[in-house]
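Beneath this line is the structure, given in structure tokens, with notes to follow.
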Amino acid sequence: MTQRAFDNARVWRLGADVDTDALAPGAYMKHGLDVIAQHCLEAVRSDFAQGVREGDVIVAGANFGIGSSREQAAGVLRHLGLAAVIAPSFSGLYFRNAFNLGLLLLTCPQADQIEADERIAVRFDGDRPVVIRACGQRLDCAPIPDFLMDIVDVGGLLPLLRRRKPA
Amino acid sequence: MSHHPAQTLAQKLIARAAGRSHVAVGELVTCKVDLAMFHDSSGPRRLKPMLEELGAEIWDKNKVVLVLDHYVPAQDADAQKIIQITRETAKTWQLPHVIDSEGICHVVLPERGHLKPGMLCVGGDSHSPTGGAFGCYMFGIGATEMLGVCTTGQIWLQVPRTLRMHWSGRLQSGVTAKDMMLHMVGRFGMNGGQYQAVEFAGPAVQALSMAERMTLSNMSAEMGAQVGLIAADDTTMQYLQSVGVSSEHLAGAKHWCSDDDADFEEYRFDALVLSPQVAAPHSPANTRDVGAFADVLPNIAYIGACTGAKIDDLRAAASVLKDKHVAQGVQLMVAPASAREQAQATQEGVMQTLMDAGATVLPNSCGACAGYGATFPEGSTVISTTARNFKGRMGPASVNVYLASPYTVAASALRGRITDPREVLA
């Protein structure tokens, strides 16, 4: 079960165009998420895999998740305990994969204002997520359709289908 | 007067699959899936445990195609295990359509007549928009979403806007669909397609072979589009007939085109003035005319992948390398995209020309492009016909990959520096 709203999340700042091959490097795709996680983002941010903690968030530049359909690129962030990824835009394919795996993505046009290591909170005003910065500034995010929030709330499409499974 | 609003090709394809007469841009709809393709990486090894957990079965095995292309031939014991799971599962599920080690999914799918104009298809691979060259609304999805398709036969989507790329004129000799696409990715950026529908149109597109059209649709992925569509025409029909698609299936295929007065966001290009394009490390959007890279000295020239090793790509490389040999210190590797493309190239003498020029011929699989097995050694400078040059994708982070057309890759192999193929062909 994913917590929709959260507080005091530490920010990992990344640049624009973070690709799937950086998130889930091809050389480790033979393995499970536990192995892929050790190499997540190693080509662009070598301290990430060791330093990330449950409840942290990634705040990135535009076009997060471009590239491959490999959903491990989203699954690995869920595995590492990320509470959300916040960016001005996402690859459409990555966006679908993330929600299907229970990873919350927030499309935030002003994400670039958020600073490295700051602590942020996320609240929901209906279907509209809002990022609240340490300084109190509120950054509006694009609304998320209910059916996608339903998927992310239960932890992904597989848990949702499991619930719908006839007894 | 018709009550139907004018529709783009994308809207018509979605409307049919959603059981509607028409759909509006921005609407969320549920579509029936006509075909689902998955491969050895995204397929059984991921789907089987999830299906078993749900106690569910594939909704219609006739609509599923499994392709083994990412981990074949096995490079190590882990890859061997994945291949073994894939083959065993194919048997257990009694899948009727399995294509094992005979080429890359996006190329073998149309070769076997699986794609027909009007279909809505999904693929467990990001280059699935390749199917758009055949008038199919085909897009890539992850393994968990594929689980959803396998259990329900349906998928949701949001009706996209259509970005129509209109190419007038005709490409110069030595300039290809790959150059068109690198140019467009450079102009719009890797997410410039905003997950909308791209449609390629105009005389320069209509003049392209099916293999070349596939390259356009294929690299729609690098533009961040959901699909890259091309309306069916006589070239499409001839191809479909050649791969055994029955005439009853072809009747009405030309219905699948955009209405003239549909709502497009149109961009216009002149093919005549397009120079060969090269994308520098580490992004396909980092594109300039080939002349900007004359001081780059590649030590590996790679002709491979669904993007860049189809029959027209192999012919293009051979036309540059005929009766010549690659420069000293350059390693030329050719991984034909499918066994059938390779057989055709062999019959035409194209493979012999490439081997005589010094090429090493590699298996018909994703190979170094996917980065899942053997990749390029530390510090290599590579010029490649593939689609992506992300840092660390095709080898260690120290590898620099330049993307180009097969003409440009062959000309660069010949001279030992990045070369405009028109200089060599002249």
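Just so it is clear: chains get the letters A, B, ... in the order the sequence lines come, proteins before strands, and each one is counted from 1. The analysis underlying the following values was restricted to heavy atoms, covering all of them including side chains, and did not include hydrogens, waters or symmetry mates.
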* With the threshold set at 4.0 Å, does a side-chain nitrogen-carboxylate oxygen contact exist between A/E71 and A/R96? -> no
The interface call for A/L161 against chain B, heavy-atom contacts under 4.5 Å, is both
Answer yes or no on whether A/R53 is positioned over the face of A/W12, meaning its NZ or CZ is under 6.0 Å from the six-membered ring centre and within 45° of the axis. no
If one checks every heavy atom of B/L157 against chain A at 4.5 Å, the contacting part turns out to be both
- [ ] Check whether the ring centres of B/F376 and B/Y302 lie less than 6.0 Å apart, and answer yes or no.
- [x] yes
When the 4.5 angstrom heavy-atom criterion is applied to A/I151 and chain B, the contacting part is neither
Honestly, the part of B/T151 sitting under 4.5 Å from a heavy atom of chain A is side chain
Cut-off 4.5 Å, heavy atoms of chain B, and the answer for A/F147 is side chain
Applying a strict 4.5 Å limit to non-hydrogen atoms, the region of B/E53 in contact with chain A is both
- Among side-chain atoms of B/S42 and B/R46, is any donor-acceptor pair under 3.5 angstrom? no
Among B/A397, B/A143, B/G148, B/S283, the residue with the most heavy-atom pairs under 4.5 Å to chain A is B/A143
By salt bridge (charged side-chain N to carboxylate O under 4.0 Å, His left out), B/R87 pairs with (sequence neighbours left out) B/D100
Bottom line for B/T144: the part with an atom under 4.5 Å from chain A's heavy atoms is both
Honestly, the part of B/A221 sitting under 4.5 Å from a heavy atom of chain A is neither
So, the part of B/E145 with a heavy atom under 4.5 Å from chain A: the answer is both
For residues 387-403 of chain B, the salt bridge (Lys or Arg N to Asp or Glu O under 4.0 Å) pairs (sequence neighbours left out) are A/D21-B/R393, B/E222-B/R388
One option among A/L93, A/N97, A/L157 has the most heavy-atom pairs under 4.5 Å with chain B, and it is A/L93
| said: Check A/D7 with A/R123, please: is the shortest side-chain N to carboxylate O separation under 4.0 Å? | reply: yes
field: Ionic contact status for A/K30 with B/D76, cut-off 4.0 Å
entry: yes
